[in-house]
Structures are given as structure tokens and as C-alpha cells.
Amino acid sequence: MITMKRSSIALLTSLSALSISSTLAQEDQFSTVITPAFSPITWERLVDARNEPENWLMYSGTLDSQRYSLLDQINVDNVDQLEMKWAYQIPVIDRAETVPLVVDGIMFITEAPSNVVAVDARTGREYWRYDHEMPDDLRICCGRNNRGVAILGETLFMSTLDAHLVAIDARTGNLLWDTEVARHDAGYSKTAAPLIVKDKVVTGIAGAEFGIRGFIDAYDPETGERVWRTYTIPGPGEFGNDTWSDDSWRTGGASTWITGSYDAELNQIYWGTGNPGPDWNGDVRLGDNLYSDSVLALDGDTGAIEWHFQFTPHDVHDYDAIQVPILADLEINGEQVPAMMWANRNGFYYTLNRATGQFLFGKPFASVTWAEGLDPVTGRPIRVAGMAPTYEGIMVSPPIVGATNWYSPAYSQDTELFYVTSFDGEQEFFKRDEDYEEGERFTGGGGRYTQPMDAFHSSIRAINPKTADIEWEFPIMPRSSAGITTTAGGLVLTGSADGYFFALDAESGRELWNISLGARVHAAPMTFAIDGEQFVTVASGNVVYTFGLRD
Amino acid sequence: MRRTHPLRSPGRRLIRSLTAVAATAGLLAAGLATLPQVAAEDAGNLYNTDVDIRMGQRYFERQCSRCHGFDAKGNDEVGAPDLTGSLRNASTDASIFNVIREGVSGTAMLPVAADVPDPTVWQLVAFINSLRYDPNSVTLEGDADSGLALFNGRAECNSCHMVDGRGGRLGPDLSRIGEDNTPEDLMLAMTNPHEQVAPRWWTLRVTGSDGIEREGFRMGEDSFGVRIMDVDENLWSFRKSEIESYERIEDSTMPSYEGRLSDDELDDLVAYLFSLRREVQPQ
């Protein structure tokens with residue numbers, strides 16, 4: 001059912017006629033000795049990525065970030081026939097957050113701390129690896145993470161923990177250029193896959209636990225030179241700078257550590273922003289703290305801010321709006337709406353108009369105690385008094401880890417439902433007084449659980465984006481930090497913190513298949529095909545597993 | 001700072017402690033070779049006043065709590081160990097210093113920034129040490145030998161609990177219960193066992209598709225399965241998709257001993273339980 005025209009063309013154009021005829025004459029098992037030979041990834045291919053579902057060309061699959069694949073060979077009727085085809089063990093022990101890309105049968109996997117390996121997607125055997133040289137004085141908040149690469153032409157682009165952006169030759173792993181995006185010793189780091197927008201590499205920054213000033217950058221893919229930078233905290237004289245008391249804007253965080261989305265028709269880039277800093281002590285940064293905890297719409301050419309929507313003004317609970325924006329055109333009340341779907345770490349689900357940034361509606365999708373609802377017109381949260389962190393500690397829901405977090409949600413074009421990992425937890429929040437020192441943590445407090453994790457409820461929830469109602473939920477425990485992928489085979493594919501990878505019926509939430517992989521699934525699955533055969537890949541613990549149907 | 005936490009899951013503790021012994025030996029050997037000037041020998045921490053401890057706590061809350069927790073109780077999700085009990089990778093001031101200074105290779109425990117001065121690290125060591133206390137400094141009312149006799153005799157604790165490989169299976173192994181529990185914790189665990197029950201000792205009542213109900217300790221409960229040990233000590237594993245229903249009871253199966261034993265007897269048992277420690281010997 002899947003044609004492989006494109007990779008056949010790739011072979012023809014990149015190998016001599018002689019080598020092709022001899023290769024084709026050989027047994028299948030020898031086909032994997034071919035040198036990486038994919039056709040270059042043009043911008044047009046990225047825009048149309050959904051229509052070459054045999055490849056997974058960017059972090060969220062497509063520019064609208066739906067994580068919805070048209071592959072349907074693996075489907076609700078046969079998903080229980082999945083078996084493991086291969087496993088790739090990452091040599092540096094940490095926990096993998098990678099979403100691999102697959103380009104014409106070659107898979108690119110990122111690893112801790114900031115390495116990338118190219119493997120044969122059919123066997124998991126290595127072609128090449130790139131090990132990024134790293135200084136020994138990293139400032140990283142939450143683990144040595146890397147979530148994936150971007151590809152344009154024949155070049156991969158990767159964020160590194162020392163706050164560099166590197167370009168790597170996709171055929172050899174050779175370093176093409178290495179650009180310092182920001183100073184790692186001042187608290188900046190990079191973990192997210194970049195996003196290609198036309199002829200630029202768009203990328204964010206992490207470090208809001210170190211008093212950085214966040215931004216979104218665009219780089220020239222050929223040279224690594226910066227084309228534009230848009231700060232996520234306005235400077236003096238700019239709109240919104242007065243939402244920060246005194247000089248607090250300088251150290252206000254608002255990092256951009258997850259990959260955004262792009263609408264080619266509107267020519268808008270959408271990107272979420274992280275918490276204001278210090279996280280839990282808002283006394284030193286009075287005001288709404290724009291554009292922390294927001295989604296920004298940027299001009300696709302200049303990076304200029306076209307609109308913003310702030311989910312959590314003056315956040316004191318670390319409710320980063322670091323979620324992948326999902327874009328779809330929805331018919332709401334008889335009208336066609338260019339929508340953006342967003343389940344936020346703060347516990348509320350939102351449907352926005354992505355052309356204008358207008359709030360349409362929203363409601364809690366998980367346990368929330370810090371706000372009693374959203375203003376029906378503006379979408380601004382209606383706060384419950386007395387829920388800010390204190391020196392003694394105060395119980396608030398969601399906990400710091402959030403009702404959801406950076407874990408990719410997904411949307412299915414078949415069910416028209418939005419799927420998200422959700423956590424009904426609570427935690428005691430503490431406030432502390434801290435002075436900013438460059439390169440030091442600047443968080444102003446913290447939190448602690450007073451119950452075991454197993455006491456909380458957690459689930460995969462299917463939300464109707466036209467109403468914000470929860471259509472079904474599938475309970476998991478203790479919780480999940482996995483992303484979700486949907487397919488035209490009617491599947492919701494995801495994992496859980498207790499090490500399961502599983503498939504649900506996208507329509508009903510019915511359990512279809514599961515396998516215990518033995519360690520936390522801390523990444524999103526992806527799917528691809530080679531020679532008409534569909535596979536599903538997911539990272540669990542330090543291992544990348546690939547599954548396919550039984551032969 | 002320290003919270004009472006009676007009868008934490010000893011199964012997990014035991015595994016952790018065994019690795020601690022092995023890892024400590026290895027780390028000390030590795031650590032001593034590259035020891036910085038200050039910690040060449042364990043001459044004691046010069047930064048150990050109350051002020052140092054407070055400074056260490058401030059530093060800890062700021063720099064370390066993200067992973068180890070604001071209460072230093074650790075975070076299983078990120079693999080950050082509890083620092084209020086016996087330490088996995090260090091047993092002496094010098095080795096704690098080295099872990100902070102150099103990190104733990106192959107884990108998410110990175111070295112502290114190079115420009116953080118040694119005195120700050122020593123203050124951190126002082127704070128971490130302040131989370132524990134010297135058990136030998138504690139004077140107890142009860143008599144441990146009498147407690148032992150009660151434990152295996154009239155109180156019948158050993159019908160459910162093991163110590164050093166002898167005893168029952170229907171409660172936590174108490175071989176090292178004195179390490180992470182204060183005498184107050186131990187008394188509370190006997191007089192009010194429902195106060196805080198580790199999830200391992202919750203009860204699951206499972207109704208199979210055959211309609212038969214089986215009840216037992218919660219050995220495991222996850223997204224797709226449950227595993228129990230019933231009162232006859234049989235181990236059962238169920239797929240959630242193949243059972244009728246199940247119920248979770250978060251109470252302890254242990255009765256309260258308040259009133260069953262005299263105050264003196266309870267004191268004797270506390271003295272015995274508190275003596276159940278296996279300290280890691282510094283090299």
C-alpha cells in the first residue's frame with residue numbers, strides 16, 4: 001500500500017547504473033549495505049510532509065505538529081500482531097527523549113548528552129555517529145536531554161547542551177558548522193529539535209531556572225549565521241516591558257525549550273514560552289511578566305511578533321507553556337476556524353484562533369486548584385486567592401511537573417480529537433528569597449510531594465477541540481511523560497512512566513496492545529515505512545525500539 | 001526538615017543498600033585517586049557550625065532540590081536518591097564532598113560548577129549530614145534484648161516480619177529498620193500503622209473473570225497489570241484486561257499494638273527495632 005517511488009528515485013540519482021543493477025540483483029539482506037542515499041529534503045517536501053508518510057521528516061512529523069500519520073498498514077485490527085524488530089542501545093546512560101527522524105530508510109537518533117547517530121531504519125545498525133565536544137561546566141536544569149534533529153537538504157541541525165547549534169552532514173556525520181547561540185556558563189542550554197521554516201533554521205533556548213532572558217532565533221542553514229532573534233521578554237521601550245517590575249525583565253526566563261509549529265498559508269511561526277524566573281518567587285518580578293508562559297505568533301520571515309496569548313500571567317508555579325502547538329482547521333459552530341489546540345501545564349485546555357490569537361474557549365482537563373476558571377472573553381485565568389508559594393509551603397494542583405508538560409500531544413484527522421497525557425497530582429510549593437548570580441540557579445523555591453506517586457491519578461485524555469470536553473480517558477499509573485502519535489490506522493500510540501508502550505483505539509480509548517519495555521517512555525513514538533512495510537519506533541530508558549507486524 | 005516516614009518499603013531499601021555498599025567501595029577507590037587537595041584525608045569538616053548548615057541548606061534548596069527534592073527525600077522519577085538516609089555513593093565527609101565536586105559518572109549527578117568555592121561544598125556536606133544523626137547518641141528507655149524476646153515471642157512480630165532472613169513474609173523486612181527511622185517513627189508505626197503505608201503494603205482485591213476474588217499485598221500495580229501476594233504467600237499476576245475488577249485498600253494490614261502491649265513493652269520493642277542497623281563502614 002505504500003509506494004516507495006521517492007527512495008527509488010533517490011537511489012537512481014545517487015548511485016551509478018552499474019551499482020544499482022548489481023545491488024538490486026542481490027538478496028534483500030544486502031540492501032542495507034547501501035551508503036546513505038536519500039534524496040535531499042527540500043522545503044516543499046517539508047511543507048508536504050504528511051503526503052510522504054514513509055518518512056518522518058521533523059520532530060512533530062508535520063509543520064502543523066499534529067503527529068498524525070497517514071500510514072494505516074498497522075491498524076486497530078492488527079496492532080496486536082506487533083513484534084520487536086530491533087533495538088538500539090544508546091551508549092551514554094541517561095533517559096532518552098529523542099524522536100528520531102527517518103529519511104528514505106535512514107534513521108537519525110539523538111542521544112545524551114548531545115550526540116547523533118544515523119542507523120539503518122530496518123536493522124538499527126549504525127552508519128555514523130557525531131559526538132559533540134562538550135565543556136565540563138554545563139548549566140542544565142533537568143537532565144542531559146536532547147529531543148531530536150531537523151533536516152533541510154542533506155544537513156541535520158541539532159541543539160546542544162552547551163547552547164550551540166550545529167550543522168551535521170546527513171551522509172557522513174561530519175560537522176559542517178558550529179554556532180554558539182548563547183553562553184552556556186551564563187545558564188543557557190539547548191535541548192529541543194530545531195524547526196525548519198523555509199530557508200531558515202528556527203530554534204529556541206533553555207535556562208529559565210538560571211535567570212536567562214529567553215529568545216527564539218533563526219539561522220542561515222548554509223553558514224550558521226544568525227538571521228534574526230526575537231526576545232521572549234521585551235526590552236525597554238518595547239510593548240510589554242512594563243509588565244516586569246524594576247529590572248526583573250533582564251533575568252525573567254521565558255525560555256523556548258520545545259519545538260514550535262508553522263502555518264505556511266499564514267506565514268506564522270508558533271512557539272510556546274517557559275516560566276518567568278525566578279520560578280516560585282513572584283515578589284521580585286511584579287506584573288504579568290510578558291511573554292512568559294505564552295504562545296507567540298512570529299512572522300515567518302522576520303521573526304516579528306504578530307500576536308501573543310499568555311496562558312498564565314505572573315506565574316508562580318512553574319507552569320511553562322512549553323507544549324507543542326497543534327494546528328488544524330476546525331468547524332466550530334458552523335464556522336471554519338484556523339484553530340490552535342493547547343493543553344497547558346497549568347491544567348487548562350484552550351482552543352485559540354491561530355490567525356489572530358483570539359481565545360475561543362477552554363476549561364480544565366486535569367485537577368486544578370490555583371484558578372477557578374478562565375475568563376470567557378479573554379481566556380485569562382481567574383485565580384483562587386492564597387495559592388502562591390509560601391515560606392512554609394502550600395498545597396496546589398497541578399504540581400510543578402504539571403497537568404501535562406512538554407510531552408507531545410497529538411490530533412487525529414479521523415476522530416477530530418486531541419490527545420494529551422494528563423496528571424491529576426498536587427504538591428506543596430515553597431518560596432525562597434534568592435539573589436541573581438550569573439550562571440547560578442535562580443528559582444526562588446521548590447516543591448515536594450506529600451504522597452507517593454501511586455496515590456495520584458493519571459490518564460491519556462481525548463479532548464474534543466470544538467468543545468474542550470473530555471470524550472474519553474484511559475487510566476495509566478503512576479503517570480506518563482511520553483508523547484503521543486496518531487495514525488490513519490485508527491491508533492493512538494503512546495507510553496507510560498512504568499515502561500509500557502501501548503496502542504489505544506483513537507475513537508474509543510479501548511486498549512488494543514501493550515508491551516512492557518522495562519523503563520520509562522520519555523519520548524514520543526513515531527512511525528515510518530520501508531519498502532511498503534510500516535514500523536513504529538519509540539525510545540524507552542536508554543533504548544530505541546522499533547516494532548513491525550509479524551512476518 | 002526531617003519528616004517521619006515509618007515503615008518505608010524495605011524491599012526497595014534493601015536493594016538500594018546492597019548497591020550502596022558495592023558502589024561506595026568503587027567510588028571511594030576511584031575518588032581517592034583524583035582527590036582534590038582539601039579532601040585528601042577525612043580530617044573532618046571545618047565548615048560545620050549551625051550557620052554553615054543553614055548556608056548549606058540554602059545552597060541545597062537552590063541548586064540541588066530540583067532533583068533531590070526540597071526535603072532532600074529524593075525523586076524516583078529522575079533517579080535522584082534520598083539523601084536523608086544512608087547514602088548510596090558516599091559514607092564519609094570526604095566522599096560526600098567528592099560526589100558533589102566531581103559528580104557520579106554515568107548518572108545525571110553532574111559535578112558542581114568549578115567556580116563554586118570549596119567552603120560552599122563543605123557547607124553542603126554539613127547540611128546533608130545534618131539530615132541524619134548519630135544513633136549512638138540516642139538514649140532509649142526500653143531494653144533491646146527484652147524487645148527481641150517480645151518480637152519473637154508474645155508479640156509475634158516475627159510471624160509477619162523478617163529480621164536477617166528469619167520470620168514471616170506478610171510485612172516489611174525489618175533487618176535495617178533502625179537506619180532510616182527515629183525511635184518516634186518506630187513507635188508511631190506500631191501504635192498507628194495506618195498513618196503512612198508504603199504502596200507496597202497496600203492491599204489489592206482482585207476479582208477474576210471466573211468471579212473468584214483474590215486479595216493480597218500490592219507487589220505491583222501498573223498501567224496494564226497487577227501483582228499480589230495472597231495470605232498463603234502465593235504470587236499472582238493479572239492483566240487488567242483479563243480481570244473483572246479490582247479494588248485498592250490503602251490501609252495497613254498490621255494491627256495497632258497500642259493497648260495490646262504495655263508502654264514498657266512498646267519501649268522495649270522500639271529499642272530492639274532501633275538497634276537493627278547495618279552501618280556502612282568507612283574504608
Side-chain angles (χ1 to χ4, degrees), chain A residues 92-95 112 136-144 185 209 278-279 393 400-401 427-430 432-434 439-455 458-460 474-481 495-500 502 510-511 514-516 520 522, chain B residues 1 3 5 8-9 12 57-80 102-116 120 196-202 204 218 220-227 237 239-242 248 250:
Chain A
V92 176
I93 303 295
D94 213 297
R95 58 177 185 193
D136 58 7
D137 57 344
L138 296 174
R139 307 292 205 278
I140 50 177
C141 137
C142 315
R144 296 173 298 172
D185 58 351
E209 272 65 51
D279 307 40
I400 290 171
V401 74
Q427 198 170 30
E428 267 183 357
F429 284 74
F430 295 88
R432 290 291 181 268
D433 298 316
E434 284 170 6
E440 292 282 310
R441 277 181 188 264
F442 186 52
T443 61
R448 72 162 188 198
Y449 290 105
T450 60
Q451 300 175 65
M453 287 305 270
D454 287 0
S458 214
S459 40
I460 306 299
F474 182 82
I476 48 176
M477 67 173 304
R479 69 180 199 95
S480 168
S481 53
S496 57
D498 56 4
Y500 283 100
F502 57 95
R510 181 170 54 101
E511 173 192 338
N514 70 74
I515 185 169
S516 175
R520 165 184 291 258
H522 205 49
Chain B
M1 191 67 202
R3 288 177 58 240
H5 210 109
R8 289 137 40 88
S9 164
R12 208 190 75 206
Q57 177 169 3
R58 273 177 61 175
Y59 191 86
F60 181 89
E61 287 178 347
R62 181 167 180 170
Q63 303 293 341
C64 317
S65 69
R66 185 91 183 184
C67 294
H68 288 286
F70 220 63
D71 50 9
K73 286 254 170 223
N75 180 342
D76 287 345
E77 292 215 323
V78 297
E102 295 170 16
V104 180
S105 155
T107 75
M109 176 69 192
L110 298 176
V112 72
D115 57 4
V116 173
T120 303
Q196 196 159 20
V197 186
R200 162 69 177 80
W201 299 100
W202 292 347
L204 297 181
R218 180 183 182 273
E221 180 185 7
D222 58 44
S223 300
F224 295 96
V226 295
R227 291 162 301 284
S237 177
R239 287 171 185 267
K240 284 184 180 175
S241 60
E242 290 168 3
R248 188 158 91 185
E250 297 184 7

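Given the structure is predicted, the values throughout are model-derived calculations rather than measurements. Atom set for the values below is all heavy atoms of this structure, side chains included, hydrogens, waters and symmetry mates excluded. Below, read A as the first sequence line, B as the second, and so on, with proteins coming before strands; counting in each chain starts at 1.
Looking at A:Phe474, the atoms closer than 4.5 Å to chain B (heavy atoms on both sides) all sit in the side chain, from C-beta outward. A:Glu209 touches chain B through its side chain: at least one heavy atom from C-beta onward sits under 4.5 Å away, while N, CA, C and O do not. There is no contact between B:Val112 and chain A, counting heavy-atom distances below 4.5 Å. Only the side chain of B:Asp115 comes within contact range of chain A, with at least one heavy atom under 4.5 Å from a heavy atom of that chain.
Listed for the B:Ser65 side chain is no donor-acceptor partner under 3.5 Å among the backbone atoms of A:Gly446. A distance-only check finds no donor-acceptor pair linking the side chain of B:Asp71 to the backbone of A:Arg448 [under 3.5 Å].
Rounded to the nearest 0.5 angstrom, A:Asp136 CG and B:Glu102 CD are separated by 11.5 Å. Atoms OG and CD, on B:Ser223 and A:Glu511 in that order, are 9.5 Å from each other to the nearest 0.5 Å. To the nearest 0.5 Å, atoms CD1 (A:Ile140) and CG (B:Leu110) are separated by 4.5 Å.
Listed by chain and residue number, A:Pro452, A:Asp454, B:Trp202, B:Arg218 satisfy the side-chain contact (heavy atoms from CB on, under 4.5 Å) test with B:Pro199 (two or more places apart in sequence, or in another chain). Applying the salt bridge (charged side-chain N to carboxylate O under 4.0 Å, His left out) criterion to A:Arg441, with sequence neighbours excluded, gives no partner residue.
Proximity of B:Glu221 to A:Met477: side-chain heavy atoms (C-beta onward) are separated by under 4.5 Å at one or more points.
Between chain B and the residues A:Gly445, A:Ser481, A:Ala112, the most heavy-atom pairs under 4.5 angstrom are made by A:Gly445. Top candidate by heavy-atom pairs under 4.5 Å with chain B, chosen from A:Glu440, A:His522, A:Glu428, is A:Glu440. Comparing A:Gly447, A:Ser496, A:Gly499 by how many heavy-atom pairs each has under 4.5 Å with chain B, the most go to A:Gly447.
Other residues, nucleotides and ligands contribute over 12 non-hydrogen atoms within 6.0 Å of the CZ atom of B:Arg248. Other residues, nucleotides and ligands place no more than 12 heavy atoms under 6.0 Å from the CZ atom of B:Arg58.
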side-chain contact (heavy atoms from CB on, under 4.5 Å), that's the test. Do A:Tyr449 and B:Lys73 meet it? Break it down for me. CA-CA 10 Å; A:Tyr449 290 105; B:Lys73 286 254 170 223; over 6 Å; no
After noting the C-alpha distance and the side-chain angles of B:Arg66 and A:Asp279, does the key distance pass the salt bridge (charged side-chain N to carboxylate O under 4.0 Å, His left out) rule? CA-CA 12 Å; B:Arg66 185 91 183 184; A:Asp279 307 40; 3.7 Å; yes
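Using a 30° and 60° split on the angle between ring planes, A:Phe430 and B:Phe70 fall in the parallel class, below 30°.
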